[in-house]
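Here's the structure, in structure tokens; my notes come after.
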There are 2 protein chains.
Amino acid sequence: MIETKDKILDAAERLFGERGYAETSLRHIIADAGVNLAAIHYHFGSKEDLLVQLVRRRAEPINAGRLAALDQAEAEAGPASVSVEKILEAFLLPAAEAAAKRPEMTRLMGRLHAEGCIPPGIKSYFTPMVERFIAAARRALPHLPEEELLWRLRASAGAMAFTMLEPHAPQGDYLARARQLVAFVSGGLRAPASVVEAKVEVTQ
Amino acid sequence: MIETKDKILDAAERLFGERGYAETSLRHIIADAGVNLAAIHYHFGSKEDLLVQLVRRRAEPINAGRLAALDQAEAEAGPASVSVEKILEAFLLPAAEAAAKRPEMTRLMGRLHAEGCIPPGIKSYFTPMVERFIAAARRALPHLPEEELLWRLRASAGAMAFTMLEPHAPQGDYLARARQLVAFVSGGLRAPASVVEAKVEVTQ
DNA sequence: GTCTATACTGAGATAGAC
DNA sequence: GTCTATCTCAGTATAGAC
């Protein structure tokens, strides 16, 4: 039956979102979906591949929306560089809209990002989109050395991931939270580069 | 033998730091330490309790240093509130000094923080120290609503955790990285609170 | 092509002999 | 204190029913 696959996807999406990936066993999923254990491996190959397909399905429209928003911002900016705030909005608002409909999925993706060890199948799916946003940030912050830029974006990702880990946004208003994130992260990205004086200070 | 316990601790600390907690099996640890499987449960009770004891041992001097630095900053500030930068330095510099000596441990703690699901034994150990820093931040940023303050501190923790996840600081200079973090996070914490206009914008 | 029953390997945990 | 044997449960693999 074709509905077996959907029943697995639905149950897995809910349980992964509620309990996390590692804490949800395949036997828990099949009990919830009312299917046989081997059906998962028949349809998805492995637990990890089940996760990858799940995330891709939900991330696809979000990432498409992100790239479209960045395209539009760049078109509006013309030859000038897009502002940090516009870049962050292009990245965050499509995700916030999706989060309003499906908070569990957002929470799971935040947790996956946070765990650091994202399955290759997910990472490779996000990479092209992320690369475009890194390039936009590089143009918006030309004074930052490359290493510092990449680190600051990584720190920004941490702020976003921890925000996504929260069970729910205040009053369920994910767009408000996204705008708060834009303010916080742009404040961090715009901070003056710290003077390299650490070693001097320490020996005092 | 008393050295059995130490052999387990040493092997576990190294392997957890290199491979992560979940990816390191007890059988891997005993092979490395040259002890019996049941010895771990005799000395520590469970894999999780082994982790808790490990982290506590390394975190104790760091947290003591953090509180001492905050005490000193508050003494110097007198009746005035301590600046955000001073608070962040008190929190980050003791950890950076420890990270210079033991990068793997720092990485493991970053990963544990990031995973969101910190064992209760670790969380309860950090809570009193964290509460003091939250109180200091509340005084330093009195204009922020409480909910917004807590969320911004959470986002700050995300930036720190992702920074700690990096295999190594640039040129192994953890103090320089800590100062960059102070600049980034204080920029985020100091950002003007976003106007609640999200709902208006969306309907456009 | 789909799905079920069953078995395999390795994980953490435990009881009891020494 | 230490070790052997064993238990339960995880993800995985496969043979075969329909």
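Residue numbers start from 1 in every chain, and the chains themselves are labelled A, B, ... in the order their sequence lines are given, proteins ahead of strands.
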Expressed in angstrom and rounded to an integer, what is the separation of [X] atom [atom1] from [N] atom [atom2]?
X: Ile40(B); N: dG1(D); atom1: CD1; atom2: C1'; result: 15 Å
X: Ile8(B); N: dG12(C); atom1: CD1; atom2: P; result: 13 Å
X: Leu50(A); N: dT12(D); atom1: CG; atom2: P; result: 10 Å
X: Phe44(A); N: dA13(D); atom1: CZ; atom2: C1'; result: 18 Å
X: Ile29(B); N: dA13(C); atom1: CD1; atom2: P; result: 11 Å
X: Leu15(B); N: dG12(C); atom1: CG; atom2: C1'; result: 17 Å

Between His43(B) and Gln53(B), is any pair of side-chain heavy atoms under 4.5 Å apart?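 The answer is no, as the side chains (C-beta and beyond) never meet within the 4.5 Å cut-off.
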
So, OP1 or OP2 of [N]: does either fall under 4.0 Å of a side-chain N or O from [X]?
X: Tyr42(B); N: dT2(D); answer: no
X: His43(A); N: dG1(C); answer: no
X: His41(B); N: dT14(C); answer: no

Spell out, as yes or no, whether a donor-acceptor pair under 3.5 Å connects the side chain of Arg152(A) to the backbone of Gly188(A).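 It does hold such a pair.
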
Pairwise salt bridge (charged side-chain N to carboxylate O under 4.0 Å, His left out) hits with a residue in residues 157-168 of chain A, at least two apart: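 Non-adjacent pairs meeting salt bridge (charged side-chain N to carboxylate O under 4.0 Å, His left out): Glu166(A)-Arg177(A).
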
Sequence neighbours excluded - salt bridge (charged side-chain N to carboxylate O under 4.0 Å, His left out) pairs with any residue from residues 43-56 of chain B: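 Sorted pair list comes back empty.
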
Using a cut-off of 4.0 Å on non-hydrogen atoms, how would the nucleic acid contact of Ala39(B) be classed: base, sugar-phosphate, or nothing?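 It contacts nothing in the nucleic acid.
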
Contact list (N/O, under 3.5 angstrom) for nucleotides 6-11 of chain C vs protein:
from    : atom 1 : to       : atom 2 : distance (Å)
dA11(C) : OP1    : Ser25(B) : OG     : 3.4

Considering residues, nucleotides and ligands other than Arg19(A), do more than 12 of their heavy atoms fall under 6.0 Å from its CZ?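 Counting other residues, nucleotides and ligands, CZ of Arg19(A) stays at 12 neighbours or fewer.
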
Measure the spacing between CZ of Arg132(A) and CG of Asn63(A) and express it to the nearest 0.5 Å.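 Here the rounded value is 12.0 Å.
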
